[in-house]
Trainee: 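Following this message is one structure expressed as C-alpha cells.
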Number of protein chains: 2
Amino acid sequence: MGLSESMKVLAEPIRRQIIERLKTGPKTAGEIASSFDLTNATVSYHLKLLKQAGFITETKDKNYIYYSLNSTVFEDILTWIYQVGGKNDHAEK
Amino acid sequence: MGLSESMKVLAEPIRRQIIERLKTGPKTAGEIASSFDLTNATVSYHLKLLKQAGFITETKDKNYIYYSLNSTVFEDILTWIYQVGGKNDHAEK
DNA sequence: TATCTATTTAGAAATATTTCTAAATAGATT
DNA sequence: AATCTATTTAGAAATATTTCTAAATAGATA
C-alpha cells in the first residue's frame with residue numbers, strides 16, 4: 001500500500017526477476033516457479049507479496065491462475081525519487 | 001553497489017526520512033539522530049548503510065562529520081523502473 | 001596532558017523475512 | 001464420485017535486520 005511496502009517488495013532480487021519475467025506477458029504460478037530454483041510454495045509467497053503491493057494482478061482460467069504486470073504502481077516510487085533526487089522532469093499525477 | 005542494495009536501503013522508512021532531511025543541506029550525525037527517536041548508534045548504523053549504497057557522502061570538519069545527499073545514485077533505480085514499468089521517456093546513461 | 005565531545009564499533013536481544021515440507025483447497029478431468 | 005492438477009496455506013527452521021547498551025576511537029578544547 002505505501003512506499004515502504006513497494007520498496008521492500010522490490011528489494012528482493014527474486015521478486016524483481018518475477019516482474020521482469022512478466023514483462024513478456026501473463027504467466028501461471030507454475031511457469032514462474034519453474035524458472036527459479038525455488039519450490040512452488042516459496043514462489044507463491046513472493047507472488048502474494050507482489051500482489052499485495054499491487055505490482056501484479058491475477059486472472060483465473062480453468063485450473064490456472066495467470067499473473068500479469070501492473071506497471072501503474074511504479075508511479076509513487078518515481079515521484080519520491082524525483083523529489084529527493086532533485087529531478088524536475090517528472091509530471092505530477 | 002547493486003540494485004538490491006539500493007532498494008533494500010530505501011525500503012526502510014527511517015532511511016528515506018534521513019535522505020529527506022539531507023535534501024535541505026548537509027547535517028551532522030548528531031543533528032540527524034536528534035530528529036529521530038533512536039540512539040546515535042542506531043542512526044550511525046543507518047548512515048553506514050546509506051553511505052555504502054552511495055546515497056550519502058561524508059566530509060569531516062573539526063569534531064564533526066557532515067553528511068550530504070548524493071542524488072546521482074538514484075539513476076540505476078530509475079532505469080530499472082522505466083524498463084519494467086514500460087515508460088520510454090527516460091534517457092539512457 | 002587530561003578531559004570533553006561527536007561518532008562509530010562490538011555484541012547481544014528482539015524482530016522480521018525467507019524458505020522449506022506437508023497438508024489443504026478448489027476446480028478440471030476421467 | 002473419484003482422482004488429478006495447480007496453487008495456496010500453515011507451521012517450523014534458517015537467516016537477516018534492526019535496535020539497544022556499553023565500550024572504543026579520535027579529534028578538539030581546557
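Lettering of chains follows the sequences in order, A, B, ..., and the numbering in each one begins at 1.
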Trainee: Using atom NZ of A:K48 as one end and atom P of D:dA6 as the other, report the distance to the nearest whole Å.
Mentor: 22 Å

Trainee: DNA chain C: A:A41 or B:Y66, which has the more 5' nearest nucleotide?
Mentor: B:Y66

Trainee: Heavy atoms from C-beta onward define the side chain here; which of C:dA28, C:dT21, D:dC20 lies closest to that of A:K62?
Mentor: C:dA28

Trainee: Rounded to whole angstroms, how far apart are NZ on A:K51 and P on D:dT8?
Mentor: 6 Å

Trainee: Which residue is it: B:L49, B:N70, B:I32, B:L22? I am looking for the one with a side chain to side chain contact (heavy atoms under 4.5 Å, CB included) to B:I56.
Mentor: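 Output: one option passes, namely B:L22.
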
Trainee: State whether A:Y67 places a side-chain N or O below 4.0 Å from either non-bridging phosphate oxygen (OP1 or OP2) of D:dT8.
Mentor: yes

Trainee: Which listed nucleotide (C:dT8, D:dT19, D:dG27) is nearest to the side chain of B:N63?
Mentor: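 Ranking C:dT8, D:dT19, D:dG27 by closest atom to the B:N63 side chain puts D:dG27 first.
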
Trainee: When the distance from NE2 of B:H46 to C1' of D:dT18 is rounded to whole Å, what number comes out?
Mentor: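 After rounding, the reported distance stands at 6 Å.
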
Trainee: Using a cut-off of strictly less than 4.0 Å, decide whether A:T42 has a side-chain nitrogen or oxygen near OP1 or OP2 of C:dC20.
Mentor: yes

Trainee: Check the hydrophobic clustering (I, L, V, M, F, W, Y; side-chain heavy atoms under 4.5 Å; chains of links allowed) and say if A:Y66 and B:V84 are grouped together.
Mentor: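 No, separate clusters.
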
Trainee: Separation of A:I65 atom CD1 from C:dA26 atom P, in whole Å?
Mentor: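 Spelled out: CD1 on A:I65 to P on C:dA26 is 11 Å.
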
Trainee: Please say whether the positively charged group of B:R21, taken as NZ for Lys or CZ for Arg, lies over the ring of B:Y67, i.e. under 6.0 angstrom from the six-membered ring centre and within 45 degrees of the axis.
Mentor: no

Trainee: Let me know the distance between CG of A:L10 and C1' of C:dT17, rounded to the nearest Å.
Mentor: 16 Å

Trainee: Do the ring planes of A:F55 and A:F74 sit parallel (below 30°), tilted (30 to 60°) or perpendicular (above 60°)?
Mentor: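 Tilted: the ring planes of A:F55 and A:F74 meet at 30° to 60°.
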
Trainee: Look at the side-chain N and O atoms of A:T28 and state whether any lies under 4.0 Å from the OP1 or OP2 oxygen of D:dT7.
Mentor: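 Yes, A:T28 has a side-chain N/O under 4.0 Å of OP1/OP2 on D:dT7.
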
Trainee: Whole angstroms only, please: what is the CG-P distance between B:N40 and D:dA22?
Mentor: 15 Å

Trainee: Grab the CZ-P distance between B:R15 and D:dT18 for me, whole Å please.
Mentor: 4 Å

Trainee: Looking at C:dA22, which nucleotide sits across from it as a Watson-Crick or G-U wobble partner, both distances under 3.5 angstrom, or is there none?
Mentor: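 By the stated definition (distances under 3.5 Å), D:dT9 pairs with C:dA22.
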
Trainee: Separation of A:K8 atom NZ from C:dT15 atom P, in whole Å?
Mentor: 15 Å

Trainee: Closest approach to the side chain of B:E12, judged atom by atom: which nucleotide of D:dT7, C:dT8, D:dT18 is it?
Mentor: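 Closest nucleotide among those given: D:dT18.
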
Trainee: Determine which nucleotide pairs with C:dT17, using a 3.5 Å limit on both distances of a Watson-Crick or G-U wobble pair.
Mentor: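 Base partner found: D:dA14.
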
Trainee: Would a 4.5 Å heavy-atom cut-off, applied to side chains only, mark B:R16 and A:S4 as touching?
Mentor: yes

Trainee: Considering every strand and a 4.0 Å limit on heavy-atom distances, what is the contact class for B:I32: base, sugar-phosphate, or nothing?
Mentor: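 The answer is nothing, as B:I32 stays clear of every strand by at least 4.0 Å.
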
